[in-house]
Amino acid sequence: AQQQEPEVPADFINVAKLVPDAQIHMAYLGSNNFVGSQVDGYQANKCYLQQNAANALVHAQQAAAARGLTLWIFDCYRPQRAVNHFMRWASDLSDTSTKAEYYPNLEKDKLVGEYIAEKSGHSRGSTIDLTLAAKDEAGNWQPLDMGSPFDMFDPVSNVGNPTISEAQQANRQLLETIMLQAGFKVYSMEWWHFTHQPPVYTDQYFDFIVR
Ligand SMILES: C[C@@H](N)C(=O)N[C@H](C)C(=O)O
Ligand SMILES: [Zn+2]
């Protein structure tokens, strides 16, 4: 008999329904990510979060909008099978095809732990990876310059890294302030990674497919 796929938990929300103006660009749905291919468990460009985190994100979007900006989302709930895919990728030290773009200064065997979690808050539904975006002259949203791209696994992505410009530091600070005021805490190693406080689930790792 075919195995049943887990359902979306009742208290998980499709964020686009609450925050329709946010830009959603789920990084692990396509191949433009550190794995270099579509990641297991992502089948749609949808951001799911646990209800409390989703409600809080409404406030973050309002604060961004008040400054003429919008939230630009890279990842939200992450199925455990995606994390398992990351771990398979990380253990294959012969595949370094994305090194130049995503971890130019670190060895691949140093990524799991500080930069990629084996048990991720994303799979508990209260964690989101995001940045801020502004409209360009043509009226298209463009991510602000944060001094390093999303998923650049490198000290330059650490919060408080002193080597980036003042403007880049100010952009990171603005993102952190907006998210902090909405109830999220930044992860010190990655300027884009925020967890809503207190997370509702602390040791449950969900595995429903994003579709
Ligand atoms: C992989 C990166 N986007 C990320 O979210 N890292 C943290 C540590 C995680 O995997 O939870
Ligand atoms: Zn993250």
Side-chain angles (χ1 to χ4, degrees), residues 15 22-42 45-50 53-54 56-57 60 71-92 95 97-99 101-132 143 146-161 172 175-176 178-180 182-197 199-207 210:
V15 160
Q23 288 284 308
I24 299 177
H25 300 266
M26 297 292 282
Y28 308 125
L29 176 63
S31 56
N32 192 15
N33 59 58
F34 68 87
V35 175
S37 62
Q38 181 169 3
V39 176
D40 292 354
Y42 291 91
N45 188 41
K46 287 186 184 164
C47 163
Y48 282 96
L49 286 177
Q50 197 281 331
L57 205 65
L71 303 182
W72 181 292
I73 296 171
F74 301 113
D75 194 31
C76 301
Y77 154 74
R78 179 183 302 163
Q80 182 58 41
R81 72 191 76 191
V83 175
N84 298 346
H85 191 167
F86 289 171
M87 292 306 117
R88 284 199 305 279
W89 172 84
S91 64
D92 179 4
D95 172 12
S97 55
T98 63
K99 180 172 173 56
E101 197 174 347
Y102 290 96
Y103 52 104
N105 301 310
L106 288 178
E107 292 309 314
K108 194 175 181 184
D109 65 0
K110 299 289 181 293
L111 302 181
V112 171
E114 290 187 329
Y115 290 100
I116 309 169
E118 212 164 341
K119 291 284 187 185
S120 176
H122 285 279
S123 306
R124 299 191 285 253
S126 296
T127 296
I128 183 166
D129 290 342
L130 83 173
T131 189
L132 295 169
M146 294 288 179
S148 70
F150 168 65
D151 272 359
M152 168 60 78
F153 304 135
D154 191 271
V156 74
S157 297
N158 300 169
V159 172
N161 179 282
R172 285 189 190 183
L175 175 65
E176 194 181 333
I178 285 173
M179 293 301 284
L180 189 68
F184 292 82
K185 196 172 146 214
V186 71
Y187 174 49
S188 63
M189 299 299 287
E190 298 176 334
W191 59 258
W192 56 80
H193 178 106
F194 293 85
T195 299
H196 186 249
Q197 304 297 320
V200 169
Y201 297 103
T202 51
D203 61 358
Q204 222 169 319
Y205 299 89
F206 294 95
D207 195 33
V210 177

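We count ligands from 1, going down the list as the structure has it; atoms in each ligand are counted the same way. Positions are given from 1 along the sequence.
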**Gln197 atom CD: more than 12 heavy-atom contacts under 6.0 Å** = yes
**Sub-4.0 Å atoms of ligand 1 with respect to non-hydrogen atoms of His122** = 5 (O), 11 (O)
**Message:** Tell me whether Asn32 at atom CG has more than 12 heavy atoms from other residues, nucleotides or ligands lying less than 6.0 Å away.
**Reply:** no
**Message:** Tell me whether Asp151 reaches ligand 1 (any heavy atom closer than 4.0 angstrom to a ligand atom).
**Reply:** yes
**Message:** For Lys99, is the NZ atom crowded, meaning more than 12 foreign heavy atoms sit under 6.0 Å from it?
**Reply:** yes
**Request:** Go through the steps to decide whether Ile73 and Leu57 satisfy the test side chain to side chain contact (heavy atoms under 4.5 Å, CB included), and finish with yes or no.
**Result:** CA-CA 11 Å; Ile73 296 171; Leu57 205 65; 4.0 Å; yes
**Message:** Give me the residue, atom name and distance of the protein heavy atom closest to atom 8 (C) of ligand 1.
**Reply:** Tyr115 O, 3.6 Å
**Asked** Counting heavy atoms only, which of Met189, His193, Arg78 comes nearest to atom 10 (O) of ligand 1?
**Response** Arg78
**Item:** Subset of ligand 1 atoms that lie under 4.0 Å from at least one heavy atom of Trp192
**Value:** 3 (N)
**Message:** Take a 6.0 Å sphere around CD of Gln204 and say whether it holds more than 12 heavy atoms from other residues, nucleotides or ligands.
**Reply:** yes
**Request:** Take Lys46 and Cys76 through the side chain to side chain contact (heavy atoms under 4.5 Å, CB included) test and state the conclusion after the steps.
**Result:** CA-CA 9 Å; Lys46 287 186 184 164; Cys76 301; over 6 Å; no
**Asked** Got an N/O contact under 3.5 Å between Ala117 and ligand 1?
**Response** yes
**Prompt:** To the nearest 0.1 Å, how far is atom 4 (C) of ligand 1 from its closest protein heavy atom, and which atom is that?
**Reply:** Glu190 OE1, 3.4 Å
**Item:** Near the Zn ion (ligand 2) (under 2.8 Å) - protein N, O or S atoms
**Value:** His122 NE2, Asp129 OD1, Asp129 OD2, His193 ND1
**Prompt:** Taking Phe74 as the fixed residue, which of Ile24, Asp129, Asp151 is the one that meets the side chain to side chain contact (heavy atoms under 4.5 Å, CB included) rule?
**Reply:** Asp129
**Request:** Distance to 0.1 Å, residue and atom name: give those for the protein heavy atom nearest to atom 11 (O) of ligand 1.
**Result:** Ser120 OG, 2.7 Å
**Asked** Any idea which atoms of ligand 1 are less than 4.0 Å away from a heavy-atom of Tyr28?
**Response** 1 (C), 2 (C), 3 (N)
**Message:** If you define the side chain from C-beta out and look only at heavy atoms, does anything of Glu101 sit under 4.5 Å from Phe34?
**Reply:** no
**Asked** Between Tyr28 and His85, does a side chain to side chain contact (heavy atoms under 4.5 Å, CB included) hold up when you go through it step by step?
**Response** CA-CA 11 Å; Tyr28 308 125; His85 191 167; over 6 Å; no
**Prompt:** In terms of ring plane angle, is the pair Tyr115 and Phe153 parallel, tilted or perpendicular, where the classes change at 30° and 60°?
**Reply:** tilted
